[in-house]
Structure formats: C-alpha cells, structure tokens
Amino acid sequence: MDTQVHTTLASLFCEGKYDEIIKISQLSLSKNPLNHSAHYCAAMAYLASTNIPQGIQHLQKIVRSYPHLSLRADDSTNLFIGHSALQLARIVEFFNLMFPDNIMRANGMRQCAALAKEIGQKLEDKTLSEPAEQIFQNLWPVNPKKRSGTETFFPRSDSPPTLQIEPTNYCNLRCRMCPSEKMTRKKGHIDLSLFKEIFTGWSNKYKELSIHHLIHGINIKGLIKQPGVVKLFFMGEPLLHPQLDKLVNIARETGSSVGIQTNGVLLEKPQVRNGLLTSQPEEVAISLDGISVETFETVRKGANWQRICEGIKALHKERAKMKLADSISIAVSTIITEDTEENKERALAFLSPLRPFVDKIQCIYLSCKYTPYFFNSGGELKKYDHIPPTSFSENLPLCTEPLEKLNVLWDGTITPCCSDFDAKIPIGNVREGIDNVWGGDKIKSLHKALLNHDMHDFPFCQGCLGYPVHG
C-alpha cells in the first residue's frame, strides 16, 4: 500500500469506519492477493467489527505465506509475519467459545506460536519468542504415553470459560430420569452475597483482548470482547429461587452471558414471566420430554402439559410486547432415548404446536449415568442401565466437561462434574475464588488424568467411564 492509502486507512480506523477499510483492503487484494498489509488491515477491521472468522482468515493467509517467503524475504517482512502469527495464536486462544473442536483449536494455537517462536529465535527477538513460549504453557498434551502418530494438545485456559451455577436444589417435579431422590445433601437457595463472590474471583466472567495494530501503531482496546457463560441450573428448578431476577442482574452486570434451564411449570405465573423478561437473560430454555401428552406427564411427574404450553405462549407474547425478541431467546429441549432420525421426528412432531412460540428446539440424547427410568420409542416406561463407552480415542481426553467448566452448588461448593449431584468430588468453594480453585492441585490433577487416560485416583469418574484406563 502506498503512503496515501496507509494514511487514509489509519484515519478510518481511528474513526471506526471499518467497512470502508475492508473495501479499500479488498480492492488492493484484487490487484495483489499476496499483499500482507491489505490482509492485515482487513483482518483488524473485521476483528474490530466483531466478524471474528473473517479476521482470522486474513491473518491465516499472512501466516501461511511464510514457508514460501522465508528464504527470500527481508527481516522486516519475516518479523511482520511472526507478530501476525503471535496475534493469531492469541486471538484463537481468546475466543475459546467460538471453536467447538478444542483439539483443532489447540493445534492452530501451537502452529502459530511455533512459527512466532521460530522467527523470534532466528531474528533474536524476544518480543516474539517469549510470548510464544507462554502460549505453549496453556497447551496440555493428550495421552503422551499411549499416543501414536501426530501429537495432540488441549487448550487449558487460566480461568474456566463456563460456570454452571445452582440457584437452588429444591424442585417442584419428580422427573423419572432425575437423580434428585438419591440426593442426600442439604437443600437451600444460593445467597445473593455468595452469588456476588462467584464473579469477584472469576476473571473469565468478561474479557477484552487488546491488540497492537502492527501497521498503524494503534492499540485496539475494548472492541474485541467475549463474555463468560453462566448457566443457572444444576439440580432443582431455578424459577423456585425467590430472587432469581436479581441473580440474573448480578451476572449480567459483570458482562457475563446468562442462560436459564427450567422445567417450565412456573411460567404460568405472570410475576415469574415478568421477572424473567425484565432481568433479560440471553436464553430461557425449557426442558420438555415426550412423544405424547401421556409420556410427558408420566416422565415429568407433577407437570401439566397444557398449562406449561400456555405459560410458554404467554412468555412469547409478553416478550414481543416488551420488544425483547432480539435480546432473549426462548428454546425448548427434549430428550430422546436413541439418536435416530425416527425418534427425532417423533419428538419434534409432538413439540410442533410450540414451534411458533420458541426460537429453537433441540433434541438431546438420553444420558444413562444415573440408571434412569424413561420411556422407550414405543412410549413405554422402562429402566435404562448405564452403559459405559466401549472405546476411547487415544488423541482425545476421556471427558471434556471438567476441562471446560465448573459447577457451583447453592452453598458455594464447587464440583467439576454435572453428574456429581451429591458433591462426592468437591474441589473447593466459591470463597476461595473461582480462579484459585481452577488453578489448584485438585482440578489440575483431574485434568491431567483425563488427558493422560489414567483415572486411578478418581473412582467417581471410573464408574462413569466404565473402567480405569491405565497410562
């Protein structure tokens, strides 16, 4: 890019006119597809305008050019590629919630960090090599003793990206597949002051990525953001908490994204619906299971199908009246016993009358961890025995849930697994600080065990996985 274009782009960036930057950059790329400056300016504009995938693609094109240029490029070009690779590694690490495949994400981070380190060492530039080495520290190897072929890694963040928080373990239903009747721990509601402590000690509740524009010398602050995810549900029915709206408000004020999972029974009450809508969680998800009214009311003992449907319709109507359709998503999830198209179609057909009143319907395969009672494809109630997995991929963790989130019970106890309804494997308490618990020896040893395929010290996990896998 010539000096005039460079000056124009710098001015546009300061003014926040990212669409114009993208147009100018694309015009330059149409003439020269290998123009690093154009790719970089387009990448920064896309990132600043929250189009993260497009921003990543343009940075990738710069990074991938290195093998073809390294022998003939000057030091300044190689340095530019190295810093672009380092920024790309940080961006991929930062946006953990955007990547469903953490193994691929880790390998992308590692490749970019390795390139930055290589160039940094070659040019004796510690501003590249040392930050790249820091990224390696958060990439933990998967099954290093048994693995064959390509090395794989899992990206472990310094703070959990997701918290599943239990507002209460009281419930107004006795669902057949729920282990609540086996629960022996004390019942109660989470206290507001304790709830606030959760966010005091959790750095991933909301985070911003600051990037130094390599060409314009401008620091991009406050534009590249990612909220932490809060799921208000564990055991019990969240809508029974008398101050649920305040819980949502507290979490949202920290910048976190908040979702609620409910059985929907209390949606028939206008004051409950009003509390939900005024506090504005990002999602209200209702769990509805059945292929008929009879199967629904049999498996979700105590629920009335017609009244729940009326509550959902009223929530939809009031959401529209308050002009909150773009702010609050209404979702329905239903459990199916076998992951087949036929079962999905039957469940979706049963829920089809609700389709005009919800934004999405999701089918979830039945987890048999608790040996639950549930209806089969014929609508008959039967007992499902827990069947452990028969095999594990040597290049994947045995279980990813404890590697991605923590579960906080109403009394502040923290457990790494959503199956641990009785807190058999407590790893800490909210009062210690979420990040301190996440960085502690107990959770780290579990993470290493899951990654190393060696569960000798975790009998609770052995029961779920079916057998101890020796490293």
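Quick caveat, the model's predicted, so the values are computed rather than measured.
The environment of CE in Met322 is crowded: more than 12 heavy-atom neighbours from other residues, nucleotides or ligands sit within 6.0 Å. Atom CG of Asp101 sits in a crowded spot, with more than 12 heavy atoms from other residues, nucleotides or ligands closer than 6.0 Å. Enclosure of atom NZ in Lys313 by more than 12 non-hydrogen atoms of other residues, nucleotides or ligands within 6.0 angstrom is indicated. For Asp19, the CG atom is loosely surrounded, since the number of other residues' heavy atoms within 6.0 Å does not exceed 12. The environment of Glu294 atom CD is sparse: at most 12 non-hydrogen atoms of other residues, nucleotides or ligands sit within 6.0 angstrom. Atom NZ of Lys231 is surrounded by 12 or fewer heavy atoms from other residues, nucleotides or ligands within 6.0 Å. More than 12 heavy atoms of other shown residues, nucleotides or ligands fall within 6.0 angstrom of atom CD in Gln271.
Aromatic ring orientation, His58 versus His39: tilted (interplanar angle from 30° to 60°). Using cut-offs of 30° and 60° on the angle between ring planes, the pair Tyr18 and Phe13 is perpendicular. Between His216 and His213, the ring planes are parallel. Angles under 30° get that label, and only those over 60° would be called perpendicular.
His447 pairs by the ring pair (Phe, Tyr, Trp, His ring centres under 6.0 Å) definition with Trp438, not counting sequence neighbours. Not counting sequence neighbours, the partners of Arg185 by the salt bridge (charged side-chain N to carboxylate O under 4.0 Å, His left out) test are Glu166.
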Worked check of side chain to side chain donor-acceptor pair (under 3.5 Å) between Glu253 and Tyr206: CA-CA 10 Å; Glu253 285 171 1; Tyr206 176 82; over 6 Å; no
